[in-house]
Enquirer: 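Just passing along the structure, written as structure tokens.
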Amino acid sequence: MKTMLNVALPKGRLGEKVYAMFEKAGFECPSIKEQNRKLIFENEEVGVRYFWVKPSDVAIYVERGAADIGVAGKDILLEYEPNVYELLDLDIGKCRMAVAAKNDFRDDPSRTLRVATKFSNIARSYYASLDRDIDIIHLNGSIEIAPILDLSDVIVDIVETGTTLKENQLEVFETIVPISARLISNKSSFKFKNQQIEKIVGEISAQLGK
Ligand code: PRP
């Protein structure tokens with residue numbers, strides 16, 4: 001029997017793009033396209049099993065070995081620093097981590113800056129690198145509301161099209177880091193299932209012209 005390669009895919013549109021790359025790489029699993037609420041799909045013939053997981057959870061599955069490989073945003077990798085290998089930049093899910101504020105915001109360096117974010121570690125190390133005192137206000141979503149209600153001075157958040165900021169009268173002040181989706185691997189799986197993993201990396205790199 002073939003060794004099964006367990007793959008954690010981020011649920012949603014990004015995950016569908018990722019699956020298409022895997023399919024083209026020879027790891028097809030036709031049942032995944034059935035419209036249902038199932039979360040696990042496998043194709044024993046080619047030796048692959050896919051799980052749909054919440055995008056921000058992919059790295060946890062991979063770090064703990066519940067999945068051998070997976071696809072996670074660079075934002076999650078920077079924020080949680082999971083103990084995994086980052087194998088390949090997939091050049092999709094592109095966006096940036098940015099500092100945004102109300103259009104009329106002017107920073108006063110003599111005061112502690114109030115920063116609302118879901119990405120506390122990224123924000124903390126960014127402002128540490130600038131030697132700027134901050135007060136982190138950790139939120140779980142709808143971050144854009146914080147400066148409007150004067151809960152914070154700025155936000156650190158993901159900007160993709162910029163629509164969310166614009167519709168809330170906020171604008172980008174600084175870009176912290178560009179973000180994209182990365183193929184990641186569990187460290188021991190990389191050793192023990194190396195052939196399968198290297199095949200995927202090779203095939204997908206070729207698709208991307210890398
Ligand atoms: C992200 C981010 C912004 C939005 C940016 O939220 O937090 O709110 O996308 O995209 P835009 O620049 O294209 O408008 P997401 O939809 O991931 O949901 P969240 O509120 O749970 O973070």
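Read the numbers this way: they start at 1 and go in the same order the structure lists the ligands and their atoms. Here the structure is a predicted model, which is why all the values come from computation and not from measurement.
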Enquirer: So which protein heavy atom does atom 7 (O) of ligand 1 come closest to, and at what separation?
Expert: Asp157 OD2, 2.8 Å

Enquirer: At the 4.0 Å heavy-atom cut-off, does Ile143 count as touching ligand 1?
Expert: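 Judged by the 4.0 Å heavy-atom criterion, Ile143 does not count as contacting ligand 1.
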
Enquirer: Tell me whether ligand 1 is touched by Glu144 - counting only heavy atoms on the residue side and a distance under 4.0 Å.
Expert: yes

Enquirer: Can you pull out the closest protein heavy atom to atom 20 (O) of ligand 1? Residue, atom name and distance to 0.1 Å, please.
Expert: Ser142 N, 3.9 Å

Enquirer: Which is closest to atom 4 (C) of ligand 1 in terms of heavy atoms, Asn140, Thr161, Thr164, Asp75?
Expert: Thr164

Enquirer: Which residues pass the side-chain hydrogen bond (donor to acceptor under 3.5 Å, both in side chains) test with Asp89, sequence neighbours left out?
Expert: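 Expected list: Ser180.
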
Enquirer: Considering non-hydrogen atoms of the protein only, which is the closest contact for atom 9 (O) of ligand 1, and what is the distance?
Expert: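 Of the protein heavy atoms, Ile158 O, 4.5 Å lies nearest.
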
Enquirer: Determine whether any protein heavy atom is located less than 4.0 Å from atom 15 (P) of ligand 1.
Expert: no

Enquirer: Using the ring of each side chain (for Trp, its six-membered ring), is Phe22 parallel, tilted or perpendicular to Tyr50, with breaks at 30° and 60°?
Expert: perpendicular

Enquirer: At the 4.0 Å heavy-atom cut-off, does Lys118 count as touching ligand 1?
Expert: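 Contact present.
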
Enquirer: Check whether any protein heavy atom sits under 4.0 Å from atom 22 (O) of ligand 1.
Expert: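 Under the 4.0 Å cut-off, atom 22 (O) of ligand 1 does have protein heavy-atom neighbours.
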
Enquirer: Of all the atoms in ligand 1, which lie at a distance below 4.0 Å from a heavy atom belonging to Val159?
Expert: 12 (O)

Enquirer: In ligand 1, which numbered atoms sit nearer than 4.0 Å to a non-hydrogen atom of Gly162?
Expert: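 In order of number, 11 (P), 12 (O), 13 (O).
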
Enquirer: Does Phe192 have any ring-ring contact (aromatic ring centres under 6.0 Å, His included) partners at least two apart in sequence or in another chain, and if so, which?
Expert: none

